Amino acid sequence: MSIERTFAIIKPNAVQNGNIGEIITAIEKDGFTIRGLRLTRLTPAICQGFYAEHVGKGFYPELENFMTESPVVLLCLERENAIARWREVMGATDPAKAAEGTLRKKFGESMGRNATHGSDSPASAAREVAYFFNAFDLA
Ligand code: IDP
């Protein structure tokens, strides 16, 4: 396994609920190095570009309303096998189906308001990191 980078978001519901600290602690305890970190609020246009593969799907309007309703935390995370490992730490998309001890189980409220995002492949990770961070933002 090689050292790789992935892209993560602490979504609006987790920021609203005061879960930034606990989620970042879980990230650090799992051995990830934080290479990029920014608090921002997504606009509809930025959200559409980020979720381009989902624009046009039935759930997209709900997803955009949620992701733009309040600030998010953007992260670039690095460790061995980072992409797959971060998805394990997050748990299943639907918090009701996520395993005990995962972040989505703990902090997710519904399929939409599921607390965190993680890239699903090396190609997505590269695209998503570059979408939100320029080279000067990455340590
Ligand atoms: P992922 O975030 O686990 O990779 P995707 O299928 O890529 O899951 O969906 C992106 C995001 O869109 C999910 O994390 C969730 O917030 C939202 N989403 C997906 N399916 C639904 C749905 O059926 N209803 C509401 N929101 C959904």
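Here the structure is a predicted model, which is why all the values come from computation and not from measurement. Order of listing sets the numbers, starting from 1, for every ligand and every atom in it. Any value given below was found using the heavy atoms of this structure, including those in side chains, with hydrogens, waters and symmetry copies removed.
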Side chains of Ile10 and Asn19 in contact at under 4.5 Å (non-hydrogen atoms): no
Residue and atom name of the nearest protein heavy atom (relative to atom 24 (N) of ligand 1), distance in Å to one decimal: Phe59 CB, 3.6 Å
Please write down residue, atom name and distance for the protein heavy atom closest to atom 5 (P) of ligand 1. His54 NE2, 3.7 Å
In this structure, CZ of Arg113 is separated from CD of Glu62 (nearest 0.5 Å) by 9.0 Å
With a distance cut-off below 6.0 Å to the six-membered ring centre and an angular limit of 45° from the axis, does Arg38 pair with Phe132 as a cation-pi contact? no
Considering both backbone and side-chain atoms of Tyr51, is one of its nitrogen or oxygen atoms within less than 3.5 Å of a nitrogen or oxygen in ligand 1? no
Under 3.5 Å between some N or O of ligand 1 and some N or O of Gly112? yes
Should you measure from each heavy atom of [X], which atoms of ligand 1 turn up under 4.0 Å away?
X      : value
Met111 : 15 (C), 16 (O), 20 (N), 21 (C), 22 (C), 23 (O), 24 (N), 27 (C)
Thr93  : 1 (P), 3 (O), 8 (O), 13 (C), 14 (O)
Asn114 : 13 (C), 14 (O), 15 (C), 16 (O)
Glu62  : 25 (C)

Give a yes or no on whether Lys57 atom NZ has more than 12 heavy-atom contacts from other residues, nucleotides or ligands under 6.0 Å away. yes
Spell out, as yes or no, whether a donor-acceptor pair under 3.5 Å connects the side chain of Asn17 to the backbone of Asn13. yes
On a heavy-atom basis, I'd like to know which of Met90, Arg104, Arg87 is closest to atom 2 (O) of ligand 1. Arg104
Before accepting this row, confirm whether a basic side-chain N of the pair Asp120/Arg87 lies closer than 4.0 Å to the acidic partner's carboxylate O. no
Does a side-chain N-to-carboxylate-O contact under 4.0 Å join Lys106 and Glu22? yes
With a 4.0 Å heavy-atom cut-off (strictly under), which part of Lys11 contacts ligand 1: side chain, backbone, both or neither? side chain
Note: Arg113, heavy atoms under 4.0 Å from ligand 1, region reported as neither
